[in-house]
J.: 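One structure coming up, written as structure tokens, with questions to follow.
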Amino acid sequence: MIRYDSRVTLVRIPAGQKSNVQYRYAEEPSKKGIKMNVPFVDLKAQYAQIRDEINPAIQEVIDKASFVGGPYLRAFEKEFADFCGAKHAIGVSSGTAALHLSLVACGIGPGDEVITVPNTFIATTEAISISGARSVFVDVDPESYNIDVSKIDGAITPRTKAILPVHLYGQPADMDPILEIAGRHSLTVIEDAAQAHGAEYKGKKVGGLGHVGCFSFYPGKNLGAYGDGGMVVTNDPQVAEKIRLLGNHGRAERNRHTHEGFNYRLDGIQAAILSVKLKHLEDWTARRRHNAQRYNELLQNLDIITPTEKKFAKHVFHLYIIKSSRRDALAEHLQARGVAVGFHYPIALHLQQAYAHLGYQRGSFPVTERCAEQVLSLPMFAELTEEQIQHVVNGIKEFQ
Ligand SMILES: Cc1ncc(COP(=O)(O)O)c(C=O)c1O
């Protein structure tokens, strides 16, 4: 998995050269005399815009020593629930914690199967495994790269307890058929919305569409903390109560524990930062969508595939993904021009060593496997300039 930050530029290790990784960080383009450097994400540029709001917000939490729980967390939970159009939101320590807690709170555990996709970040399936359940994969749709809803029925067994669609890259999965299938088989639907803050399905925000929705506030996400963080949203008051309890050591009140739980809390400083940033999210999303539109316009009639926004979707472009049959060479070409790119995700989960025990093989999920070979993520963030977009596009055009 390629974890990105503001300077990730990856270069393939030449075949034959000894290394246990396929890619390494490139030299700073400036050192090679390349004039423009386009980062993958620019968190410093974002901070520069909001510094005057962020710094006093952090200071206030420190002055009040409201580090764990407290009013800043409660305020942000309320704001985020309202933003998603959901009744309850519970701050947690990461997106992975949000998924794990949701599964446990919905009663999913050993012996159960959870249907999800092999085209996602491993956190989705790690959460399933640590709950004790087993991941059952369904291939993805070739246009949206999200779960292919026509294949879900075929994966259901008597042990299936939940469907866990991922709104990958910022585009919602096709939720109506998922909810219809879930209703028919009495299954829980847990949305992995880690990459999709503010994305909409048929005009409704993701997160509150299924039984439970899970978000990540990893710094590079569309709404990112200054450290790890996550959120569970739900309209079910009992599930909300259970998640709140389990995420805080199963503590019903001081010194009284009704369950064994976890320490999965979101801290006050992160909540205060996220409250500030949430006010900017709609604007940042509009800018991401504008940037995606510019890429779409400028990348027409080239030998690459640009993203498809489904009719039912408002895509928030956490990642802008193109597909190329010469992906690796194109990536190297762009990196040499100072353009940081990423692969999301270069090894499909069913082919990861960690999931050998699930018994899938190459060929089990052909659409996902093609994605793993062909997808390339271009720089995408709200502050991306027209000049930077042109530099990326010119690099792709040169390569054709
Ligand atoms: C699709 C998906 N699910 C889950 C997660 C887990 O989130 P976190 O890194 O906050 O644990 C991520 C984050 O990388 C993700 O992209």
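Everything numeric in this text was worked out from a predicted model, so none of it was measured. Counting convention: from 1, in listed order, for ligands and their atoms alike.
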J.: Where do Gln171 and Thr308 come nearest, in terms of heavy atoms and distance?
T.: NE2-O, 3.0 Å
J.: Tabulate below the donor-acceptor pairs under 3.5 Å that side-chain atoms of residues 204-214 make, not counting sequence neighbours, or state none.
T.:
unit_1 : atom_1 : unit_2 : atom_2 : d
Lys205 : NZ     : Glu282 : OE2    : 3.3
His211 : ND1    : Val189 : N      : 2.8

J.: In Å, rounded to the nearest 0.5 Å, how long is the span from CZ of Phe83 to CG of Leu223?
T.: 7.5 Å
J.: Which of the numbered atoms in ligand 1 are under 4.0 angstrom from any heavy atom belonging to Thr120?
T.: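 Heavy-atom distances to Thr120 below 4.0 Å select 1 (C).
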J.: With heavy-atom distances below 4.0 Å as the criterion, list the atoms of ligand 1 near Asp192.
T.: 1 (C), 2 (C), 3 (N), 4 (C)
J.: Check Thr96 against ligand 1 and report side chain, backbone, both or neither, counting heavy atoms closer than 4.0 Å.
T.: both
J.: Is the terminal nitrogen or CZ of Arg288 (NZ for Lys, CZ for Arg) located under 6.0 angstrom from the six-membered ring centre of Phe381 and within 45° of that ring's axis?
T.: no
J.: Can you sort out which atoms of ligand 1 are near Ser94, meaning under 4.0 Å from one of its heavy atoms?
T.: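 Here the atoms of ligand 1 in question are 10 (O), 11 (O).
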J.: If you take the centroid of each ring, where Trp contributes its six-membered ring, are Tyr360 and Phe365 closer together than 6.0 Å?
T.: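 Ring-ring flag for Phe365/Tyr360: true, centres closer than 6.0 Å.
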J.: If you count the atoms of ligand 1 from 1 in the order shown, which ones are under 4.0 Å from a heavy atom of Ala123?
T.: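 Answer for ligand 1: 4 (C), 5 (C), 6 (C).
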J.: Between Cys106 and Thr188, which heavy-atom pair has the shortest distance, and what is it?
T.: SG-CG2, 3.8 Å
J.: Hey, is ligand 1 close enough to Phe121 that some N/O pair sits below 3.5 Å?
T.: no
J.: Please could you name the atoms of ligand 1 that Ala194 approaches to less than 4.0 Å, counting only its heavy atoms?
T.: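 Counting atoms of ligand 1 from 1, those under 4.0 Å from Ala194 are 2 (C), 3 (N), 4 (C), 5 (C), 12 (C), 15 (C).
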J.: Can you list every pair that meets ring pair (Phe, Tyr, Trp, His ring centres under 6.0 Å) and has a residue in residues 49-73, with sequence neighbours left out?
T.: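 Counting only pairs at least two positions apart or across chains, no ring pair (Phe, Tyr, Trp, His ring centres under 6.0 Å) contact touches residues 49-73.
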J.: Does ligand 1 have an atom under 4.0 Å from some heavy atom of Lys221?
T.: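 For ligand 1, residue contact (heavy atoms, under 4.0 Å) with Lys221 is present.
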J.: Within a distance under 4.0 Å of any heavy atom of Thr124, pick out the atoms of ligand 1 and give their elements.
T.: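 Selected atoms, number and element: 3 (N).
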J.: Quick one: which ligand 1 atoms are inside 4.0 Å of a heavy atom on Val166?
T.: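 Those atoms are 1 (C).
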